[in-house]
Structures are given as C-alpha cells and as structure tokens.
Amino acid sequence: MRSDAVTKGAKSAAHRSLFHALGMTGEELNRPLVGIVSSQNDIVPGHMNLDKIVEAVKTGVAMAGGTPIVFPAIAVCDGIAMGHAGMKYSLVTRDLIADSTESMAMAHAFDALVMVPNCDKNVPGLLMAAARLNLPTIFVSGGPMMAGRVEGHKTSLSSMFEAMGAYQSGKIDEEKLLEYEEKTCPTCGSCSGMYTANSMNCLTEVLGMGLPGNGTIPAVYSSRIILAKHAGMQVMELLRKNIRPRDIMTKEAFENALTMDMALGCSTNSMLHLPAIAHECGIDLNVDIANAISEKTPNLCHLAPAGPTYMEDLNEAGGVYAVMHEISRLGLLHTGLITCTGKTVGENIANARNLNPEVIRPVENPYSTTGGIAVLKGNLAPDSCVVKRSAVVPEMLVHEGPARVFDCEEDAMEAINGGKINDGDVIVIRYEGPKGGPGMREMLNPTSAIQGRGQGSTVALITDGRFSGATRGASIGHVSPEAAVGGPIALVEEGDIIAIDIPGHSITLKVSDEELAARRAAWKPRQPRITTGYLARYASMVTSGNRGAILEVPTGKQ
C-alpha cells in the first residue's frame, strides 16, 4: 500500500502522531487510506448537496474496510460566471483542479480515491487528475437538477437565458421574466438539460469510471445517496483487484465516449474535455475522428436545449446504459472493456432496456442518422471548429451571410440587444479563445439573446471562444487557430461573406487567397488583455481549442 510510507513502522512514527492529532485510531491507520475529493461549496447549485454525497461515500468506504479522508476541490458555477469577466475563470479551473488533486493525493500517500464532482470543469478536471495519478479511483457525481415549470411546461437554465433575450426585445414583460427567474431552477443539482456538466457525468459513466446512474439520477433522489455508498464500497474492490484509471480509460473507451457523445447529443465542450483527459492517459485523441464516428452513429436523444426532454426523463427511460444498449445493437461500441464495476461494458449493459422510446429513440427511428456534434473545417478554421448539430434547426444547417465582426462578447451583446443584427447575418466574436480571452469564455448570453429575439432560425454565430451546453442554434465554436495567434478568424472584416455547411463539414470565408494574404501581412498581434496572475500564466501555456486547450510549457522554457 502507498500509505505504508506514512502509517507503518518506526520510520512513520512522526507521521502517525499527526494522524492521531486528527483523532484517528491505530485501527484506522491499519486500513487503506482512501482520499475523497469533495467539490462541495455554497456557491454552485450543483455542489451545495455534495456534503451529503461525501458522507455517503465515507460510509461506503468504511463499510468495505477502508479509512475515508476528505479533502476539497474548487468549482465554478458557469451560470453565475456567465456574461462577465468571471467566465474567464471557468475553463482555467480544470487545470487547477487537476493540479491540486494531484498535489493532495501524492503528498498524503493515499491508496485510492473517490472523486465527488458535479459541474462543468470540475468533472473533467478530476478525470484528468485520476488519469495522471493512476490510483484506483471511482466517480460519483452530485446528480442533475429537476426541471422547472412555467405555465405547465418544463424549463431549464437555457429557458431562463432565452427569457432574458425575450424581455430585452419586448416579447415578454417584467412579471413573466420574474416568473422564469423564480421557477426555472427549482432544486439543487447540475442544470437539468444535456449541458456540459450532465454531458461529462454521463460520459464518465460511458468511460467506465462511474457506476450506472452516475449521470442521470436526480440530485434530490435518495437513490443518489445509495449510489454514493455503493461507490465508496466499490473503490475498495478496485483497490483489491488493482484496477486503475488507465486500465479503464483506454483508446477504445474514448472511442465509446465519442460514440455516445453523438448518440446522446452532448455539449460541444466535450470536444475540449475528452482530448484533455485522453492526453493525461497518454492517448492522442484527435477531434478529426469525430465526424467519422458521427457519420455512423445515430442521434437518439434530444434533451434540452435540443428538445423538450430533461435529465430526469432520461433517467426514467433507463439512463445512459439504455442508450448504450441501443447503440450496441449496431455494433458501434467496444463491449469487452473493463469498467469500475469490475465487469465489462457488455456485461454492464446486457440487461439495460429502453423504457421510453419518446425520450430514447430506438436505432430504427433516430432523430437523425448522424450524431449530435459536427467538426467543420475550411479556410476560416483550418484546424477545425465545432457545432452541436442536433441543436441546429434544419434551415440553418446550410447558411451563407455577411459577417458582423466583434472583438469581444460585450460588443456583440450590445449590438444584439440594440437590434443591430439582421436576419441572415453571421456574427463573429473573436479574441475570446484560450489565449486571447484569456480563458475561452462561453457565449450563452449572445446565443440566448439571439434565440430570445426570435432569430435562432436566421442568424449564425462563430467564435474562437466556446458555447455553453445550454446553447442551441447555428453556434460554431472552438475556431482554431484562434485570433490571438493570427488564425484566419482574425482577418475577417465586416461584410465578408461566410458560408456554413454543417452536413458537408465545411466553413468558408469567401475572400480570395490574395486578399487574405494581404490582410495577414498587415495583421499585428494584440496586446494581452491580462498580464498578471493565473490567467497570464495560463495564456502563456495553453494550446488551441482543437487540442483540448491543454497546457504545455512554452518552447524554449523549462
């Protein structure tokens, strides 16, 4: 056991004295030390209940013969951070979470870990840490929020942001806006649609790092507490069998994750996080393979914001395993892979059943024969960009229009709310990428404002930033290379014609090569917006969106 270094023999007497200062008994120190990474805090709705999840995990670990020891991880609420400078600090926490978890686990010689995340960057950050540490590890999330209800219709956070756009354009009054405000988010938990948090919690299940129900059991259900106890018990089984994250998160497991990403219609942010997690496993996961997977994977779910169903509905319909079972009928999953259950993928899903074909379409009747995400390339995005195809209305799958160019989100919002965006326009928001932002802000405010104004079927938005999983419409993000490093998006001028062909996987700036070369010769890098603190260090090390915005030591530096 790794913990022998701090619990066994005369050489560890000083260490043990400090454990005794914590109130630990000799009996506890003779058991494996299991670190429980708690993301509980009082500012994120998806994390306010994690103290109860952690207590359940502790019970499970102790029941199975381990000594549970809790330490914290930070988490940012993307909804609260949205639309202001705080969003610069969202994606960047993914690396802080991974680094701090690595530091705590190594410093204290834990034998195994239970990760208790829930929201957007928290889940991938802890998956990155699990891969890096490669100690026996299991995940149990805090669970999704229940849907809200306004006038008898289910709602989620995207409904709230779109209501704000409707209010700005005079489509609803202040009283109706207040009703949305008070009823949209009715419980604790990760926001109730297939946004980034729920996407990553579901994909954790697909990867084999979480028990069945990890992604879908609502936060307020007692079965979530039972799941946490089982996770605590199961990590001891992983320790006994020496099953580690890199045994589970193989290249084939990431291919399964991409396949299920397409079937479920997950957030485009998964295209940032899966490559970053794979990188920590020593696997190069090129997002270019996403289209090949998408072409043979039907989209079976239209959860909010793509459709009228929510995470609670997916849970009642059979959960992630039911969707996996449907997809396995087409032979699209690697079913022989080991998972945290101690069983293979095939064994896990063998008895899963689709209990509601309106929520989980059978493979014979998919929403589309291709997956929920598309990767586009062209002279505007030579390295790629990403769109949630399943959330795009049919009339916007192919679109051509004049560019409306903005160098930050705030300027774009002013134009949208000021009624200055016309039907047919292609909004371009640049210098919001990983380096240029810095921090690659989500653009839920402008996409929701467009939807709220009734322009979701006529206006496209392109950015080197990214989108919330709550975004719907022709919203194309992760444009790489980004503007800050001189990518072609930096060369777009007001009125340039941009052609988008999502089924054809192309995005084209209709400007001649000669004109683009002249613009490039005249282009000059912009001064960094932030020159001190963590964001400045992050900007100096972060790679482009198509590589997962991973951190690398700059060339020539140690």
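Being a predicted model, the structure only gives us computed values, none of them experimental.
- Between Leu264 and Leu300, the closest side-chain pair of non-hydrogen atoms is not below 4.5 Å.
- Arg430 forms no cation-pi arrangement with Phe406, by the criterion of a distance under 6.0 Å to the ring centre and an angle within 45° of the ring axis.
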Between Arg519 and Asp496, does a salt bridge (charged side-chain N to carboxylate O under 4.0 Å, His left out) hold up when you go through it step by step?
CA-CA 13 Å; Arg519 292 181 189 180; Asp496 286 348; 2.7 Å; yes
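- Between the side chain of Thr93 and the main chain of Leu96, no donor-acceptor pair closer than 3.5 Å is present.
- Looking only at distances, a side-chain donor or acceptor of Thr101 sits under 3.5 Å from a matching main-chain atom of Ile97.
- By the side-chain hydrogen bond (donor to acceptor under 3.5 Å, both in side chains) test, Lys420 is found to be paired with no residue, residues two or more places apart in sequence or in another chain being considered.
- The two residues Val92 and Tyr534 have their closest heavy-atom pair at O-OH, 2.8 Å.
- At a threshold of 4.0 Å, the pair Arg361-Glu326 does not count as salt-bridged, since none of the basic side-chain nitrogens sits closer than that to a carboxylate oxygen.
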For the pair Glu552 and Arg547, evaluate salt bridge (charged side-chain N to carboxylate O under 4.0 Å, His left out) and give the outcome as yes or no after the intermediate values.
CA-CA 11 Å; Glu552 290 183 339; Arg547 295 185 57 199; 2.5 Å; yes
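- Although no hydrogens or angles enter the test, the distance criterion places a donor-acceptor pair under 3.5 Å between the side chain of Thr463 and the main chain of Ile429.
- The shortest distance between side-chain heavy atoms of Leu303 and Leu314 falls below 4.5 Å.
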Pair Ile462-Val492, side-chain contact (heavy atoms from CB on, under 4.5 Å): steps then yes or no:
CA-CA 11 Å; Ile462 298 170; Val492 181; over 6 Å; no
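- Contact check for Val485 versus Lys435: side-chain heavy atoms found under the 4.5 Å cut-off.
- Between Gly486 and Arg520, the shortest heavy-atom distance links the atoms O-NH1, 2.7 Å.
- Every residue two or more places apart in sequence or in another chain that forms a side chain to side chain contact (heavy atoms under 4.5 Å, CB included) with Glu179 is listed here: Val150, Glu151, Lys176, Lys183.
- Legend: residues meeting salt bridge (Lys or Arg N to Asp or Glu O under 4.0 Å) with Asp95, ordered by chain and number and at least two apart, are absent.
- Under the 4.0 Å criterion applied to side-chain N and carboxylate O atoms, Arg132 and Asp99 are assigned as salt-bridge partners.
- A donor-acceptor pair under 3.5 Å is absent between the side-chain atoms of Glu432 and the main chain of Gly437, judged by distance alone.
- Across Cys77 and Val44, no two heavy atoms sit closer than the pair N-CG2, 3.6 Å.
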After noting the C-alpha distance and the side-chain angles of Ser199 and Ser267, does the key distance pass the side-chain hydrogen bond (donor to acceptor under 3.5 Å, both in side chains) rule?
CA-CA 6 Å; Ser199 294; Ser267 163; 5.0 Å; no
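- Screening residues 477-487 for salt bridge (Lys or Arg N to Asp or Glu O under 4.0 Å), with sequence neighbours left out, gives no hits.
- In terms of heavy atoms, Thr184 sits closest to Thr155 at CA-OG1, 3.5 Å.
- Proximity of a side-chain donor or acceptor of Thr297 to a complementary backbone N or O of Ser294 within less than 3.5 Å is not detected.
- With values rounded to the nearest 0.5 angstrom, Asp425 atom CG is found 5.0 Å from Arg404 atom CZ.
- Contacts of Ser190 classified as side-chain hydrogen bond (donor to acceptor under 3.5 Å, both in side chains), with partners at least two apart in sequence or in another chain: Asn198.
- Between the side chain of Lys510 and the main chain of Ile498, no donor-acceptor pair closer than 3.5 Å is present.
- Put simply, the side chain of Val375 does not reach to within 4.5 Å of the side chain of Asn546, judged on heavy atoms.
- Looking only at distances, no side-chain donor or acceptor of Asn299 sits under 3.5 Å from a matching main-chain atom of Ser368.
- With sequence neighbours excluded, the residues that form a side chain to side chain contact (heavy atoms under 4.5 Å, CB included) with Ala470 are Ser158, Tyr195, Leu444, Ser468.
- With sequence neighbours left out, the ring pair (Phe, Tyr, Trp, His ring centres under 6.0 Å) criterion links His302 to Tyr367.
- Within the 4.5 Å cutoff, no side-chain heavy atoms of Met209 are placed close to those of Met115.
- Nearest approach of Met200 to Pro124, heavy atoms of both residues: CG-CD, 4.3 Å.
- Note that CG of Leu380 is 8.5 Å distant from OG1 of Thr508, once rounded to the nearest 0.5 Å.
- Here side chain to side chain donor-acceptor pair (under 3.5 Å) pairs that include residues 118-131, with residues two or more places apart or in two chains, are Ser39-Asn122, Asp78-Lys121, Ser90-Lys121, Asn118-Asn201.
- Annotation: salt bridge (Lys or Arg N to Asp or Glu O under 4.0 Å) contacts of Asp411 (sequence neighbours excluded): none.
- Side-chain N or O atoms of Thr216 include none that pairs as donor or acceptor with a backbone N or O of Asn315 at under 3.5 Å.
- Using a cutoff of 4.0 Å between basic side-chain nitrogens and carboxylate oxygens, Glu312 and Lys154 are scored as salt-bridged.
- For the pair Lys88 (side chain) and Leu535 (backbone), a donor-acceptor distance under 3.5 Å is absent.
- Listed by first then second residue, pairs satisfying salt bridge (Lys or Arg N to Asp or Glu O under 4.0 Å) with a partner in residues 369-396 read Asp288-Lys377, not counting sequence neighbours.
- Glu442 and Met87 get closest at one heavy-atom pair: N-CG, 3.4 Å.
- The CD1 atom of Ile500 sits 9.5 Å away from the OG atom of Ser506 when rounded to the nearest 0.5 Å.
- Among residues two or more places apart in sequence or in another chain, the side chain to side chain contact (heavy atoms under 4.5 Å, CB included) test is passed with Met396 by Val392, Val393, His399, Ala460, Ala474.
- Taken to the nearest 0.5 Å, the OG atom of Ser448 stands 8.0 Å off from the CE atom of Met82.
- A side chain to side chain donor-acceptor pair (under 3.5 Å) with Glu162 holds for exactly one of Arg472, Lys171, Arg453, Gln451; it is Arg472.
- Pairs of residues two or more places apart, or lying in two chains, that qualify as salt bridge (Lys or Arg N to Asp or Glu O under 4.0 Å) and include a residue from residues 252-264 are Lys251-Glu255.
- The main-chain N or O of Gly504 is found under 3.5 Å from a side-chain atom of Asp501 such that the two form a donor-acceptor pair.
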